[in-house]
Each structure stands twice: as structure tokens, then as C-alpha cells.
*Asks:* 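I'd like to ask you about the structure that follows.
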Number of protein chains: 2
Amino acid sequence: MANNALLDRSFAACSHPIRRSILERLAQGEMTVGQATRDFGVSKPAISKHLKVLEEAGAIVRVIDGRTHRLQLQERSLDDAYSWLTQQRELWERKLDTVERYLREQREIKPPPKEPK
Amino acid sequence: MANNALLDRSFAACSHPIRRSILERLAQGEMTVGQATRDFGVSKPAISKHLKVLEEAGAIVRVIDGRTHRLQLQERSLDDAYSWLTQQRELWERKLDTVERYLREQREIKPPPKEPK
DNA sequence: GCTATTGTTAACCTTATGGCTAACAATGCG
DNA sequence: CGCATTGTTAGCCATAAGGTTAACAATAGC
């Protein structure tokens, strides 16, 4: 139950469709704030807030270039969220394997009765 | 920018430390609502709400057993969130590879000047 | 130096989130 | 039956989230 605020923010960042769209778009290459505003059909302040959420989650960075801001995916963007999900899946699959092995061993020790009839 | 409400809910479900703790705990094996309430130091209604969020995200299921509810991880729990992150990483890494290949090709076509002295 | 462009900040509104207590429903057990 | 146990629901509160418009700041270009 470690206090991991960055992980909170990473998952929260991914929980909004506009923010996921921004990340998908940035995986293809950088874009400016203005382009994002035009593409996603919300006002400039709305995009500005989404970008702040993404930055504070360590998902994107911006390069200020004159009056335009070029947005890019951050190195190791969302690695922490990915790692948490991966580890969680591993634990869960290991658990399932254990259960399955247990059931298999039970069958070997005490095999089910022969086909009736 | 597909309208994917389940993905929204999956990521939102993971964005709260208590909910992540519940999922981590359930990867070890099932627990009851009462155990969760005792372990995570919030009221019963608070846990009840968290569980609802996790259920609506398809992350857990409950087996009602008399008056106690046994909580379990759902099959393929959070697969959609995991898939989205995985695909996003692949796109991003492919993009980086492309950039790197481009730079390498540039070097081959027009090699840098020999070491100055 | 003006004016257009690009983006943020301020202020506001509405809805959602996360917590609580108190009351209710349903099951288990003496 | 009567009472304890297990959870949910209802109602309330405070704060966060997501959106808007209007105003501001800073750069670009004439």
C-alpha cells in the first residue's frame, strides 16, 4: 500500500479518452498545442489542462520553441504504470498456475472414478 | 479516439492506492469485504464504493456466499488496459527505432569528419 | 511599434470522487 | 424468535475534474 503518487497520476492520466488520444498521436511524432486543440474538439484551456495532467504524470514533455510548444512523449513514458500491470498479471498467473498444479496433483493422487457404464 | 468507456474505467480503477492494494491482495487469493474494510482503514461504505468501481471496470468479481461476499480477481482482469499500454509502448519504440535508423543511415551516407587531430 | 498568433491563467459552473454516519436488508445462530 | 454479523444504500460534505469564456503574456512579422 505504498504511497505512490506518480503511479496514481499515471493511471489517472490514461483514464481520459482525450489524453489517451494525445498519447497515441504523440507516438507517431510530435505535435503542437494548437494542433491538439484543433484535433480534439475542445477549447485551448481544456487542452492545456490535459497537457498539465500528462506532464505531471511524466508521460509527455514540451519543448518551447518561440511561441509554439512542441509536445513529445517522455522517455520511459508510463513505465511505472506498465510495470505495475505487468507485475500484477504475473502474480495472478502464478497464482492460477499454483491452483492448476494443485488440481492436477489431486487427480494423480486420487484419480476420478472410471467412466460409469 | 474510439469511445472506450471500459478502458476509461479500467485506468480509473487503477488510479487509487486503495483499489490497487485490493487488486494486489486479490492476486494472492480471495478475501471478503469485511477483511478489506479492516485491512485498508476506511469505512465499510468507502470499501463498498471502491469494490463497485473495480467491478464496473471488469477487474474483480464477487461470489455471494450466505451473508459474506468473497472477492476474486476477474479472469483477464485489466487486460484492456494492459493491451493499450503495451501497444502504446510498441508504437513509441518503433518510432524511436525509425529515428535511430534514420540517423544511422545519415551517418553512413555522409560520415562525420575524421577526428580533428 | 502595432497587430496577429500561440498558449496560459483566472474565474466560474457542473458533475464526479472519496470520505463519513446512520439506517436498512439479509443471513446465521443461540 | 431475537439478536449479532455482514454488506449495501441513502444522505451529506468537501474537494477534484473537466469544461467554458474572458483576459493576459509572449513571440512573430509587418
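Proteins come first, then strands; the chains are lettered A, B, ... in the order of their sequence lines, and each starts at number 1. Fair warning: this is a prediction, and the values are worked out from it, not measured in the lab.
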*Asks:* Near DNA chain D, under 4.0 Å by heavy atom, which residues of residues 43-54 of chain A?
*Replies:* A:Ser43, A:Pro45, A:Ala46, A:Lys49, A:His50
*Asks:* For DNA chain D, which residues of residues 63-74 of chain B approach it to below 4.0 angstrom with any heavy atom?
*Replies:* B:Arg67, B:Thr68, B:His69
*Asks:* Of all nucleotides in DNA chain C with an atom under 4.0 Å from a non-hydrogen atom of chain B, which is the first and which the last going 5' to 3'?
*Replies:* C:dG18 to C:dG28
*Asks:* Side-chain heavy atoms under 4.5 angstrom apart, residues restricted to Ile, Leu, Val, Met, Phe, Trp, Tyr: same cluster for B:Ile18 and B:Leu78?
*Replies:* yes
*Asks:* Under 4.0 Å between a side-chain nitrogen and a carboxylate oxygen: does that hold for B:Glu30 and B:Arg70?
*Replies:* yes
*Asks:* Is there a path of hydrophobic side-chain contacts, each under 4.5 Å between heavy atoms, that joins B:Met31 and B:Leu54?
*Replies:*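 As far as the 4.5 Å side-chain criterion goes, B:Leu54 and B:Met31 are connected within one cluster.
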*Asks:* Can you find a pair of side-chain heavy atoms, one from B:Asp39 and one from B:Arg25, that are under 4.5 Å apart?
*Replies:* yes
*Asks:* Please identify each residue that fulfils salt bridge (Lys or Arg N to Asp or Glu O under 4.0 Å) with B:Arg38, with sequence neighbours left out.
*Replies:* none
*Asks:* Can you tell if the side chain of B:Trp84 reaches within under 4.5 Å of the side chain of B:Asp79, non-hydrogen atoms only?
*Replies:*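 They are not in side-chain contact.
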*Asks:* Any side-chain heavy atom of A:Arg62 sitting closer than 4.5 Å to one from A:Gln72?
*Replies:*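 Contact flag for A:Arg62/A:Gln72 side chains = no.
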*Asks:* Using ring pair (Phe, Tyr, Trp, His ring centres under 6.0 Å) as the criterion, list what pairs up with A:His16, not counting sequence neighbours.
*Replies:* A:His50
*Asks:* On DNA chain C, check which nucleotide each of B:Arg19 and A:Val33 is closest to and give me the residue with the more 5' one.
*Replies:* A:Val33
*Asks:* Can you name the residues that form a side chain to side chain contact (heavy atoms under 4.5 Å, CB included) with B:Ser15, not counting sequence neighbours?
*Replies:*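 Testing B:Ser15 for side chain to side chain contact (heavy atoms under 4.5 Å, CB included), a comparison that skips the adjacent residues, returns A:Phe11, A:Ala12, B:Arg19.
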*Asks:* With heavy atoms under 4.0 Å as the rule, sort A:Thr32 into base, sugar-phosphate or nothing.
*Replies:* sugar-phosphate
*Asks:* A:Val53 and A:Leu23: same hydrophobic cluster, using ILVMFWY side-chain contacts below 4.5 Å?
*Replies:* no
